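Sequence lines set the chain letters: A, B, ... in the order given, protein chains first and strands last, and positions in each chain run from 1. The model shown is predicted, which means the values in this text are computed figures rather than measured ones. Because only heavy atoms are used, hydrogens play no part in the values below, and waters and symmetry mates are left out as well, while side chains stay in.
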Amino acid sequence: MTTPTRPSLDDPSLTIPLEHAGIFEPIPLARTERQREFYDLRDGEMLLNMGPQHPSTHGVLRVVLKISGEQVVDLDPVLGYLHRGVEKIAENSDFHQIISHLDPLEYVASLFCEWSPVMSFEKLLDIQVPRRAEYIRVLTGELNRIASHMLFIGWYALDLGGITPILWSFAERDEIVEMLAAITGAKLLFNYFRIGGVNGDLNHDFMSRLGDWMSRAGAQLEAGMGLLNENEIFVRRARGLGILDRETALRMCATGPNLRASGVPFDIRRAHPYSVYPELEFEIPTRREGDSLARYLLRMDEVRQSLRIIDQCLHQMPDGPVMARLPRLLRPRPGRAYSAVEGPRGQYSCYAMSDGTDQPFRLRIHDPSFLHLQLVGLLMPGNLIADTMAIMASLDPVMGGVDK
Amino acid sequence: MDRAFRALIERTFGDVLTGPVRQRHDETEMRIRPGDVPQVMRTLHDDPRLRFEYLGDLAGVDTGTDFQVVYHLWSVVTPDWLRVVADGIPRDQPRIPSITFLWKGAEWMEREAYDMFGLVFEGNRDLRRIYLPDDFVSFPLRKDFHLPDDASRSPGGGVRPMEDAPTPADAAATTVRRTATAR
C-alpha cells in the first residue's frame, strides 16, 4: 500500500501563470494618480482582498486592503456588484412606476428612498399633500428609522463579536416591520408612498399593534441598549476607533448620525424643514467624540427622539383624506426640483428634471451610504485588519444604496 | 423663496452668471460657465455672507445637446437650497474643473458622473469608473445610450446593442430624439 503524497504548495503545476489569470489579474492597470499610489507596494506591504462575499461587508462589497503586517496602510473599495441602473430605468418609466424601483435601493429603510423622489415629483407638479398623509409619512418614517437603527445595533454588535444584541434588537425590529406590513402589505420593500399622499390609511391592525408596542417600547429599548452600553468589551473596543473630526466630516460630505457624532448639529428635519416636522418637538442629539462609540450612542439617542415624534404624531394626527386628487397620467410642466429628507443614515435626496412628458427627463438619486463608504478609506489607515469591519459597520452603509 | 438671497447672489456674482437667478418652491438656481466653477464654489464656501459649507449633491445631466453638472448646496444664511448649474459642457470636449479641492467627498460623486456621462473632472485624482467594470466602453446615462428594449426611441427605430454607443473621443452630436425642453 502506498501512502498518498501530500501536495506541496510549492508544486509548480499548482500555480496559475499570471498571463492566464485574466479577470483575476491581481494588480489592475493603473489609470489614475490615486491608483498608481495605491498599487505601488513598498517593502513589507501586501494586498489582501476582502469580499465581495464577506459576511460583514453588509452587502456585496469588495475591499482591497493594502496591509503591512497586521496594519492596514490603505484601502480601495470596489463597488458595482449591486448596480442596477435605477436612474436609467427611471428615465424610461412613468412617475408612478418609479416608486417601486426605488424601494430596493435602501432595503433597510426603504420608506426614505421613496420619500425624497416623491417629494420632488410633488414639487414638480405643485401638489399639496393632505395633512393626514404627511402625518402618516412621518409616523411610518420614524418607525422605519427605529427599525433601521435596531438592525444597526444588532449588526454592529455582531461585527464586534457579540451574538445576543442582534436577537434582542430583532425582536423590536420584527414587531415594527409586522406593524408596517399591516398597512403597507410588505415587510421590507414597502412601496407605500404615492405622489400626493400614501397608499392606504391607518387600519385597526396597525393601530392596535402600535399601541401595544408603544406602551412597552421605551423600557424594552432601554433594556436592549443596556446590554451594550455597559458592556466593557464592546465599549473599550469601540471607543477611540475611527475618529472623524468636524472639518473632515464636512469636507467629505458626511451626513446624518455620522456627521452629528462629530459635533455638527445638522439634521435636515431642522436645517431644511419638510413635511410636518416644524410642528413636532424633538431634539437633535449630537456628540463631540466622533469615534465609533459616539456614532453608536448617537443612534441610540435618535431612537429615543423617534419615539417622542411617534407619540406626538399619534396625538396630533388630523382626520381627512390621505391622497390628493390627481389625474392618472402625470405630466409636470418642464422644470427642475430638488428635495432632501433625513433618513436613518443621513441625507437622501433626489433631483428630478421634467421635460413635460410622463417620464422624468433625469432622476438623480443621492444616497448617504455612498459617501459614508468613501469615508472608510480615510478612517482606516493605521488600524488593524480586524478593525476594518468595526469601523465600516459604525458608519452603517447599506450596499443597495451605495450601488444604486 | 428667499428674495433677499437672490439679490445677494446677483450682487456677488454679477457678470459670472450666464442667466437669470430663478426661484421656485424652496430652491434658488444660478447658472454659470463650467470654467467658473472653482472660483464660484470658493466664494460660496468662504465668503462670510454666504457660508455654503455643505455640499448636498453633485449630478451630471445630459440635456440631449450638451452636458451640465448640477451642484446643490446648503448654508445657514438662507432657508433655500442653492442649485448651481454649470451649463453648456460640449459633447466632444466634456471637461469641467473638479471641486475636490473644497469637498474631498465630491470625489466619488464625480467618479459616478464620469462613469455615467463620461464627464472629465480636471483635478480629480481618482477619475475612473466606479460602478461599471473598467473595460466598459460607453456611458449609460447619456441620452444617446438606448436600452435594448427601448426600440421606439433608438435612432434606427429598432433594437440597438448596448455597447454601440459612441465613446467620448468620437462622440459627435448624434441623433437624439428626446432633447431637453426642460433646459
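Applying the side-chain contact (heavy atoms from CB on, under 4.5 Å) criterion to Ala337(A), with sequence neighbours excluded, gives Ser120(A), Lys123(A), Leu124(A), Glu27(B). Asp47(B) pairs by the side-chain contact (heavy atoms from CB on, under 4.5 Å) definition with Thr12(B), Thr43(B), Arg49(B), Leu50(B), not counting sequence neighbours.
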*Check step by step if side-chain contact (heavy atoms from CB on, under 4.5 Å) holds for Phe52(B) and Met41(B).*
CA-CA 9 Å; Phe52(B) 281 88; Met41(B) 289 294 171; over 6 Å; no

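In this structure, Lys404(A) forms no cation-pi arrangement with Tyr131(B), as its terminal cationic atom is not both closer than 6.0 Å to the ring centre and no more than 45° off the ring axis.
Proximity of Trp81(B) to Leu73(B): side-chain heavy atoms (C-beta onward) are nowhere separated by under 4.5 Å. The side-chain heavy atoms of Ser339(A) and Glu122(A), taken from C-beta on, include no pair separated by under 4.5 Å.
At a 4.5 Å heavy-atom cutoff, Val264(A) makes no contact with chain B through either its backbone or its side chain. Neither the backbone nor the side chain of Asp367(A) comes within contact range of chain B; no heavy atoms are under 4.5 Å apart. Residue Leu378(A): no heavy atom, backbone or side chain, is found under 4.5 Å from chain B. Proximity to chain B involves both the backbone and the side chain of Leu79(A), based on heavy atoms less than 4.5 angstrom apart. Contacts of Arg129(B) with chain A are absent, with no heavy-atom separation under 4.5 Å from either backbone or side chain. With a 4.5 angstrom heavy-atom cutoff, Gln374(A) touches chain B via backbone and side-chain atoms both. Contacts between Val76(B) and chain A at a heavy-atom distance below 4.5 Å are absent for every atom of the residue. In this structure, chain A has a heavy atom under 4.5 Å from the side chain of Leu132(B), while its backbone stays farther away.
Here the CZ-OG distance, from Phe5(B) to Ser75(B), works out to 7.0 Å after rounding to the nearest 0.5 Å. Atoms CG and CH2, from Leu82(B) and Trp74(B) in turn, are 13.0 Å apart once rounded to the nearest 0.5 Å.
Side-chain contact annotation: Ser349(A) with Asp57(B), donor-acceptor N/O pair under 3.5 Å absent.
Between chain B and the options Glu37(A), Arg251(A), Arg333(A), heavy-atom pairs under 4.5 Å are most frequent for Arg251(A). Contact tally against chain A (heavy-atom pairs below 4.5 Å) for Gly56(B), Pro79(B), Pro140(B): the top residue is Gly56(B). Each of Leu373(A), Leu375(A), Val78(A), Ile268(A) has some count of heavy-atom pairs under 4.5 Å with chain B, and the biggest count is that of Leu373(A). Options Asp126(A), Leu250(A), Val402(A), Leu371(A) differ in how many heavy-atom pairs under 4.5 Å they form with chain B, and the most are formed by Asp126(A).
A side chain to side chain donor-acceptor pair (under 3.5 Å) with His272(A) is found for exactly one of Asp26(B), Asp80(B), Thr78(B), namely Asp26(B).
Under a 4.0 Å N-O distance rule, the pair Arg24(B)/Glu29(B) does not qualify as a salt bridge.
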Just distance, no hydrogens or angles: give the donor-acceptor pairs under 3.5 Å from side chains in residues 256-263 of chain A, sequence neighbours left out.
residue	atom	partner	partner atom	Å
Asn258(A)	OD1	Arg299(A)	NH2	3.3
Asn258(A)	ND2	His372(A)	ND1	3.0
Asn258(A)	ND2	Leu395(A)	O	3.1
Arg260(A)	NE	Glu302(A)	OE2	3.3
Arg260(A)	NH1	Phe266(A)	O	3.0
Arg260(A)	NH1	Glu342(A)	OE2	3.0
Arg260(A)	NH2	Glu302(A)	OE2	2.1
Arg260(A)	NH2	Glu342(A)	OE2	3.4
Ser262(A)	OG	Leu244(A)	O	2.9
Ser262(A)	OG	Asn258(A)	O	3.3

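Contacts between residues 101-117 of chain B and chain A, defined by a heavy-atom separation under 4.5 Å, are made by Leu102(B), Trp103(B), Lys104(B), Gly105(B), Ala106(B), Glu107(B), Trp108(B), Met109(B), Glu112(B), Met116(B), Phe117(B).
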